[in-house]
Amino acid sequence: MTTSETPNRLYFGDNLDILRQYVDAESVDLIYLDPPFNSNATYNVLFRERSGEESAAQITAFEDTWHWGWESETAFQDVVTRGPDKVGSLLAALRQFLGQNDMMAYLTMMAQRMVELHRVLKPTGSIYLHCDPTASHYLKLLMDAVFDARNFRNEVVWLRTMAKGLMSKQLPNNHDVILGYRKTSESTWNVAATFQPYDELSLDAKTASKYNHRDPDGRLYQLDNLLNPNRNRPNLTYEFLGITRVWRWTKERMQAAYDQGLVIQPRPGAVPRLKRYLDEQRGRPFGDVWTDIPPINSQAKERLGYPTQKPEALLERIINASSNEGDVVLDPFCGCGTATVAAERLNRRWIGIDVTHLAITLVRHRLHDSFGDALRPYEIVGQPTDSGSAAALAEQDRYQFEWWALGLVDARPANDRRRGADAGVDGYINFFDDNSGKPRRIIAQVKSGHVNRGMIATLKGDMEREKAEIGVFITLQPPTEPMRQEALSAGIYTPEHFPDQQHPRVQILTIDELLAGAGVSYPRGGAPATFRQAPRRRRSQGQQNTLV
């Protein structure tokens, strides 16, 4: 089945493997990618409570492990020996210049993926790479080699934040770079989408000075020239309203416009002029420096607590300019899913890829929060579908298994398990059972190996320490009868404001049960508080697109 025949999809896994295995050649219309790079830091998802307070829990969503090693060496040999000649030659030259360091490892990783992204892009397609000035100059060389320098379209500078006066020896870094390339000269380009409609309340001085006339109905207009720049046009030379000139239009067209009130003579004996209305103009072109799209600040409704989250308006501008409704938009580093949400709203199909189950869970929540029942069907590929594949994931990477299992119950991971001792709590679910605005807590533990009664007893102790109302024990293996008895001894949780509800204080759920549709029993009287909810979005009602 080709990509064009499939529904929207989220893929879990390394995007290089996913691209090679699942995405057909010339099947994607638009690619947006925001690959992480920071040689001195890791990329964390920082969750915030509903109250806005920063949670002590954080989880590594995409750890920046691009350090030169065996994997980098293997990837380098793959590009040089099997990739396009220009790309291999460039990578070899960069290695000689940069040496074997983090930047070179990153560029090698990106080179492999760029070759695949070029393969899957249609001849009418475009690609936009979002980065910062740390690596943008190297990435531009790489994209020149892969997509051809002649297909470079724009280097967009996006004002990411206002400059802060904290730098003592250099200017503040407050912009990102977006490198735009087309695959061929036949690429989609919607000219109308590259203009910002005029706002009469905030016109720039130049536009306001031009459109300085107003009709009785309030419409602003300017008086424009009707003379032909070519003076040698006998067929367009005639008298109109007592004035003989070489006109732009034929006499018939001029008369028709006059009858419609569009051609006026400012005063007797003056040269007739054309009334050009402001609200009929395309607007102001965006240019390649974007200062009108604010970043995701702490008060933004769409903020989900993801540190590198980009504004939906930024993605919508790119998608509108370089694709049409029904086209396929691919984001191979989808993170919290801004590109997929923007594509869904603008009636495009989409493919999202990420290397963590946590990101897939975030995107799933965001899509359902944003569109509700209006969300079009989509598939998740690469996640376990039965206990056998769940066991295989646990064998391969127990942390990914843990994050995936927590996603089955909509729990937020508790911490970065790779960096510290097991604190006994793998995840949290927050909920409200009254109108006080104070969330209650559920703690979750995930086990993929042997389980016993002592683990339930430990969970009960963790609940007391964490002041949790409910504890959930998620297990790949079937629980024993002593475990069930230990869970029953914890009693029942009855919300004060919902006395008719009863929920077991300790709940044991197997992976098989969760895959069959089971869930955690807890009060659902208020809004969920575990993940920050994305605002509701309405799908676009359509637009006039033009293929140029």
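Computed from heavy atoms alone, side chains included, the values below leave out hydrogens, waters and symmetry copies. A quick note: this is a predicted structure, and the numbers were derived from the prediction, not measured.
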Return the minimal non-hydrogen interatomic distance between [X] and [Y], and the atom names on each side.
X	Y	result
Phe401	Leu476	CZ-CB, 4.2 Å
Val506	Leu459	CG1-CD2, 4.1 Å
Val520	Val472	CG1-CG2, 3.6 Å
Leu393	Pro384	CD2-CG, 3.7 Å
His368	Tyr378	NE2-OH, 3.0 Å
Leu509	Ala518	CD2-CB, 4.4 Å

Please enumerate all residues that pass ring-ring contact (aromatic ring centres under 6.0 Å, His included) together with [X], with sequence neighbours excluded.
X	result
Phe12	His357
Trp158	His130
Phe473	none
Phe76	none

From [X] [atom1] over to [Y] [atom2], what is the distance, rounded to the nearest 0.5 angstrom?
X	Y	atom1	atom2	answer
Gln477	Met483	CD	CE	10.0 Å
Cys334	Asn15	SG	CG	9.5 Å
Leu19	Leu330	CG	CG	6.0 Å
Met143	Leu179	CE	CG	6.0 Å
Thr480	Gln485	OG1	CD	9.5 Å

Looking at side-chain heavy atoms only, is the closest gap between [X] and [Y] below 4.5 Å?
X	Y	value
Pro523	Phe431	yes
Ile31	Pro332	yes
Ile127	Met114	yes
Pro35	Cys131	no
Val446	Leu406	yes
Leu408	Ile474	no
Leu129	Leu139	yes
Ile360	Gln383	yes

Return yes if some donor-acceptor pair links the side-chain N/O of [X] with the main-chain N/O of [Y] below 3.5 Å, else return no.
X	Y	result
Asp132	Asp176	no
Gln77	Ser72	no
Thr340	Gly337	yes
Ser389	Asp386	yes
Glu464	Gly461	no
Asn101	Met104	yes
Arg366	Arg364	no
Asn174	Thr161	yes
Asn452	Met455	yes

Strictly below 4.0 Å, N to O, side chains only: are [X] and [Y] in salt-bridge contact?
X	Y	value
Arg119	Glu26	no
Arg505	Glu469	no
Asp327	Arg349	no
Lys122	Asp29	yes

- Please step through salt bridge (charged side-chain N to carboxylate O under 4.0 Å, His left out) for the pair Asp354 and Arg9, ending with a clear verdict. CA-CA 11 Å; Asp354 204 273; Arg9 282 190 170 178; over 6 Å; no
Could I get the full list of side-chain hydrogen bond (donor to acceptor under 3.5 Å, both in side chains) partners for [X], not counting sequence neighbours?
X	answer
Trp350	Glu344
His118	none
Asp331	none
Thr291	none

- Query: Can you list the steps and then say if Asp14 with Arg113 is a side-chain contact (heavy atoms from CB on, under 4.5 Å)?
  - Reply: CA-CA 10 Å; Asp14 186 314; Arg113 286 152 180 81; 2.9 Å; yes
- Task: Only pairs at least two apart or in different chains count here, so list each salt bridge (Lys or Arg N to Asp or Glu O under 4.0 Å) that has a residue in residues 475-484.
- Result: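 Checked against salt bridge (Lys or Arg N to Asp or Glu O under 4.0 Å) - neighbours excluded - no pair reaches residues 475-484.
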- Query: Between Tyr128 and Tyr32, does the ring centre distance come in under 6.0 Å?
  - Reply: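 They do not qualify: ring centres at least 6.0 Å apart.
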- Partner of Ile353 under side-chain contact (heavy atoms from CB on, under 4.5 Å), chosen from Asp17, Ile18, Leu16: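 Of the listed residues Asp17, Ile18, Leu16, the side-chain contact (heavy atoms from CB on, under 4.5 Å) partner of Ile353 is Ile18.
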Indicate whether the side chain of [X] and that of [Y] have a donor and an acceptor atom separated by less than 3.5 Å.
X	Y	result
Asn8	Glu379	no
Asp512	Thr510	no
Tyr522	Gln507	no
Arg398	Ser448	no

- Item | Sequence-distant partners of Glu73, salt bridge (charged side-chain N to carboxylate O under 4.0 Å, His left out), two or more places apart |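 Only Arg95 meet the salt bridge (charged side-chain N to carboxylate O under 4.0 Å, His left out) criterion with Glu73.
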- Item | Contacts of type salt bridge (charged side-chain N to carboxylate O under 4.0 Å, His left out), residue Asp292, not counting sequence neighbours |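 Asp292 satisfies salt bridge (charged side-chain N to carboxylate O under 4.0 Å, His left out) with Arg317 once adjacent residues are dropped.
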- Carefully, step by step, assess Ile511 and Thr475 under the rule side-chain contact (heavy atoms from CB on, under 4.5 Å). CA-CA 6 Å; Ile511 293 297; Thr475 172; over 6 Å; no
- Does Arg440 count as lying over the ring of Phe432, i.e. NZ or CZ under 6.0 Å from the six-ring centre, within 45 degrees of the axis?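 Cation-pi check for Arg440 and Phe432: fails.
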- Item | Sequence-distant partners of Thr458, side-chain contact (heavy atoms from CB on, under 4.5 Å), two or more places apart |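 So Thr458 forms a side-chain contact (heavy atoms from CB on, under 4.5 Å) with Asp462.
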